[in-house]
Chemist: 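Handing you a structure now.
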Amino acid sequence: MIADRIKYLREENNLTQSSLAKKLNVTRSSVNAWEMGISVPSTALIVDLAKLFHVSTDYLLGLDISATLDISSLNDKEIMMLYDLIQYFKSLK
């Protein structure tokens, strides 16, 4: 699970394995091993990944499927539009 989340977040943030490795002070082969499920990052690196990608450690570890969205740059109208969209999708269930 963590392997998939790391790869997904890396790609969503337009990072290569090398650029992610550089940000975390690890080797590219370490990032590759995480994404292939061969190894897992240390606890400290899981925290660093969570901070880098603005997600919780629970999300990275697959313990929580909820995600957060930074809306600080949106105006009130845009926030309400997002809220309405979320309510719409919830009503489809």
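Values below: every heavy atom of this structure, side chains too, minus hydrogens, waters and symmetry copies.
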Chemist: Out of curiosity, M80 CE to L82 CG, how far, rounded to the nearest 0.5 Å?
Modeler: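 Taking CE in M80 and CG in L82, the distance rounds to 10.0 Å.
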
Chemist: Do F89 and L85 touch side chain to side chain, with heavy atoms closer than 4.5 Å?
Modeler: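 Touching, per the 4.5 Å side-chain cut-off.
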
Chemist: Would you check if the side chain of R5 reaches a backbone N or O of L61 as a donor-acceptor pair within less than 3.5 Å?
Modeler: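 No; zero donor-acceptor contacts below 3.5 Å.
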
Chemist: Between A3 and G37, which heavy-atom pair has the shortest distance, and what is it?
Modeler: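 Here A3 and G37 meet closest at CB-N, 3.9 Å.
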
Chemist: Report whether L63 and V55 are members of the same hydrophobic cluster (ILVMFWY, side-chain heavy atoms less than 4.5 Å apart, transitive linking).
Modeler: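 Result: yes, single cluster for both.
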
Chemist: Evaluate the side-chain proximity of V26 to W34: yes if any heavy-atom separation is below 4.5 Å, no if none is.
Modeler: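 W34 reaches V26 side chain to side chain.
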
Chemist: Can you tell me how far apart CE (M1) and OH (Y59) are? Round to the nearest 0.5 Å.
Modeler: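 Taking CE in M1 and OH in Y59, the distance rounds to 9.5 Å.
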
Chemist: Look only at the side chain of E78 and the backbone of N75, and say whether a donor-acceptor pair between them is shorter than 3.5 Å.
Modeler: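 At least one qualifying donor-acceptor pair exists.
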
Chemist: Restricting to non-hydrogen atoms, name the atom on S56 and the atom on A50 that form the minimum distance, rounded to 0.1 Å.
Modeler: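 Closest heavy-atom pair between S56 and A50: C-CB, 4.0 Å.
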
Chemist: Please find the pair of heavy atoms, one from A21 and one from R28, that lie closest to each other, and give the distance.
Modeler: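 That would be CB-N, 3.6 Å.
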
Chemist: Any idea which heavy atoms bring L24 and L45 closest together, and the distance?
Modeler: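 The pair with the smallest heavy-atom distance is O-CD2, 3.9 Å.
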
Chemist: What pairs with R10 under salt bridge (charged side-chain N to carboxylate O under 4.0 Å, His left out), at least two apart in sequence or on another chain?
Modeler: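 Result, salt bridge (charged side-chain N to carboxylate O under 4.0 Å, His left out) vs R10: E35.
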
Chemist: Between L20 and L49, does the side chain to side chain contact (heavy atoms under 4.5 Å, CB included) criterion hold? Intermediate values first, please.
Modeler: CA-CA 9 Å; L20 177 58; L49 283 162; 4.1 Å; yes

Chemist: What's the separation between atom OG1 in T27 and atom CG in N32, rounded to the nearest 0.5 Å?
Modeler: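 Reported value, rounded in 0.5 Å steps: 9.0 Å.
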
Chemist: Testing the basics here: between P41 and I46, what is the closest heavy-atom pair and its distance to 0.1 Å?
Modeler: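 In this case the closest contact between P41 and I46 is O-CD1, 3.7 Å.
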
Chemist: Answer yes if I86 and L74 sit in the same cluster of Ile, Leu, Val, Met, Phe, Trp and Tyr residues linked by side chain heavy atoms under 4.5 Å apart, and no otherwise.
Modeler: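 No, because I86 and L74 fall into different hydrophobic clusters, even though each may have its own neighbours under 4.5 Å.
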
Chemist: Mark yes or no for whether N13, through its side chain, and L9, through its backbone, hold a donor-acceptor pair below 3.5 Å.
Modeler: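 Between the backbone of L9 and the side chain of N13 there is a qualifying donor-acceptor contact (under 3.5 Å).
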
Chemist: Hey, could you give me the NZ/CD distance between K7 and E12, rounded to the nearest 0.5 Å?
Modeler: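 CD of E12 is found 12.5 Å from NZ of K7.
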
Chemist: Are any of the side-chain heavy atoms of N25 and D48 separated by less than 4.5 Å?
Modeler: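 SC-SC contact between N25 and D48 ruled out.
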
Chemist: Report whether Y8 and V40 are members of the same hydrophobic cluster (ILVMFWY, side-chain heavy atoms less than 4.5 Å apart, transitive linking).
Modeler: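 Y8 clusters together with V40.
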
Chemist: Roughly how far apart are K22 NZ and L15 CG, rounded to 0.5 Å?
Modeler: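 Taking NZ in K22 and CG in L15, the distance rounds to 12.0 Å.
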
Chemist: Near D76 CG, under 6.0 Å, is it more than 12 heavy atoms from other residues, nucleotides or ligands?
Modeler: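 It does not: D76 CG has 12 such atoms or fewer within range.
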
